[in-house]
Q: 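The following block contains the structure, expressed as structure tokens.
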Amino acid sequence: MTDPTIAAGFFEATGNFFTDLAAVKPLELLIALAFFGAYLSVRARAYFNVLRAAYPDSEFQFRKIWGAWVAAYGFNNVVPARGGDIIKLFLVRSSVPKSSYPAVASSFFVEAVFDLTIGIPVLIFAFTQGVFPQPPDFASVDSADLAWLANDASRLLFIITSIGVLLTALFAVLSSRVKLFWERVRQGVTILFDRDRYLREVWAVQFVAWLLRCSCFWFMLDAFGIPPSVESVLLVLACNAVAGAIPITPGGAGVMQALTVKVFANAAPATVVAAYSVGQQIALGAFSFLLGFIALVAVFGFRSFGEVRRAGTEHRAAEKRTDAV
């Protein structure tokens, strides 16, 4: 159960955000959102290149892959546990001819390679700055998500074990088709076996997207009255990395807010930092959700995220009936 004081702190910060809304610099905020939109589009382009390598003989449109990527990102900002990835799985599967769910699912891993190679150095930098909490201190951060895991290592072990059991069960269910299954999984990560092409078409493109994201956070900090710097932007990225690794809440909102307040405690007045911690989440979450919804309607013709999920369930059920025959 969430600590009432933590919830009270979140709502107080939200109140500060709306109270100080007039103090937010609108031009800087709009520039930040523009950079964020560019970041999403460039990341989608990198993922499009992953799929082109996996399905060189299939013709599919970038706008559909962009729509699927943006819609999933937007939905992940309003639902916990990365529920948007299910939407992305269906939309990409239906957009790429002759594709399969195992291959599309494994292609998600290719994106994560860059996140690890850039995220680990960013976290190492953050841990050496003296303001970012060390992993053993996560339990003292005012976040129910972090405290719940950090206070009892057995909980984390239980989660990891449960995932392992589920994967083992899934493997057992698919054992009759295991060879075909792993061939499709390998197909999704085809580009990783061509190092030069991966670095050129995926890693380098994602790096450009990362720079755009850094630019977004620079202007976002400035918009809310916190002096921007390379160090402060990297600290925001570190907060995002930790929040993204614990997707218990939509977009890791609670973790992100708690870490931001702690990290920037000495950078600006407490009310300013609290308003920024919530304001950034609200601004980016609302923007990405709206952009994702527009993508659903304009690119795929769906009128709601729920409609996509129902269509995906029906499509998967139809495929199972076809396979059975």
Side-chain angles (χ1 to χ4, degrees), residues 2-26 28-33 35-36 39 76-78 80 119 122-123 125-127 129-134 137-148 150 213-289:
T2 304
D3 188 333
T5 60
I6 297 174
F10 177 81
F11 287 116
E12 180 182 354
T14 304
N16 290 334
F17 163 66
F18 286 108
T19 300
D20 298 336
L21 190 58
V24 175
K25 302 174 185 175
E28 283 76 1
L29 180 59
L30 288 175
I31 293 174
L33 293 177
F35 272 117
F36 195 72
Y39 156 73
N76 277 333
N77 276 283
V78 296
V122 167
L123 282 173
F125 169 81
F127 288 139
Q129 298 309 296
V131 294
F132 200 87
Q134 304 296 313
D137 300 325
F138 282 165
S140 63
V141 177
D142 288 338
S143 168
D145 305 341
L146 279 176
W148 186 77
R213 193 183 188 199
C214 290
S215 301
C216 165
F217 289 140
W218 179 286
F219 283 97
M220 192 67 73
L221 286 163
D222 193 21
F224 283 89
I226 297 179
S229 65
V230 173
E231 178 185 351
S232 61
V233 168
L234 291 175
L235 288 173
V236 173
L237 288 168
C239 293
N240 271 268
V242 175
I246 309 174
I248 297 175
T249 56
V255 176
M256 182 65 192
Q257 188 254 343
L259 285 174
T260 303
V261 169
K262 188 172 183 64
V263 167
F264 291 101
N266 298 320
T271 55
V272 172
V273 175
Y276 164 73
S277 68
V278 174
Q280 177 178 276
Q281 288 290 116
I282 293 175
L284 296 183
F287 174 79
S288 59
F289 180 79

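Hydrogens, waters and symmetry mates are skipped; everything else that's a heavy atom, side chains included, is used.
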Q: How would you list all residue pairs meeting side-chain hydrogen bond (donor to acceptor under 3.5 Å, both in side chains) that involve residues 227-242, not counting sequence neighbours?
A: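 Checked against side-chain hydrogen bond (donor to acceptor under 3.5 Å, both in side chains) - neighbours excluded - the pairs reaching residues 227-242 are Arg213-Asn240, Ser229-Ser232.
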Q: For Ala283 versus Met220, what's the shortest heavy-atom pair and its separation?
A: CB-CE, 4.4 Å
Q: Is there a side-chain contact between Tyr276 and Val236 (heavy atoms, below 4.5 Å)?
A: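 They are in contact (side-chain heavy atoms under 4.5 Å apart), so the answer is yes.
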Q: If you compare all heavy atoms of Val24 against all heavy atoms of Phe224, which two are closest, and at what distance to 0.1 Å?
A: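 Here Val24 and Phe224 meet closest at CG2-CE2, 3.7 Å.
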Q: Return the SG to CG distance between Cys216 and Leu33, rounded to the nearest 0.5 Å.
A: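 Rounded to the nearest 0.5 Å, the SG-CG separation comes out at 6.5 Å.
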Q: How far apart are the closest heavy atoms of Ser288 and Gly285, and which atoms are they?
A: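 Ser288 and Gly285 have their closest heavy atoms at OG-O, 3.2 Å.
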Q: Side chains of Leu284 and Asn77: closer than 4.5 Å at any heavy-atom pair?
A: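 The answer is no; the side chains never approach within 4.5 Å.
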Q: Counting distance only, does the side-chain N/O of Gln129 pair as donor-acceptor with the main-chain N or O of Phe125 below 3.5 Å?
A: yes
Q: State which residues pass side-chain contact (heavy atoms from CB on, under 4.5 Å) with Ala268; sequence neighbours excluded, sorted by chain then number.
A: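 Scan of Ala268 (side-chain contact (heavy atoms from CB on, under 4.5 Å), adjacent residues dropped) gives Ile226, Val272, Val273.
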Q: To the nearest 0.5 Å, what is the distance between CZ (Phe287) and CG (Leu30)?
A: 10.0 Å
Q: Residues in side-chain contact (heavy atoms from CB on, under 4.5 Å) with Pro26, at least two apart?
A: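 Counting only residues at least two positions away or on another chain, Pro26 forms no side-chain contact (heavy atoms from CB on, under 4.5 Å).
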Q: Tell me whether the rings of Phe35 and Phe219 are parallel (<30°), tilted (30 to 60°) or perpendicular (>60°).
A: parallel
Q: About how many Å separate CZ of Phe264 and CG of Leu259, when rounded to the nearest 0.5 Å?
A: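 The distance works out to 10.5 Å.
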Q: Taking all atoms of both residues into account, what is the closest heavy-atom pair of Pro227 and Ala267, and its distance?
A: CD-O, 3.9 Å
Q: How long is the gap from CG on Leu123 to SG on Cys239, to the nearest 0.5 Å?
A: 9.5 Å
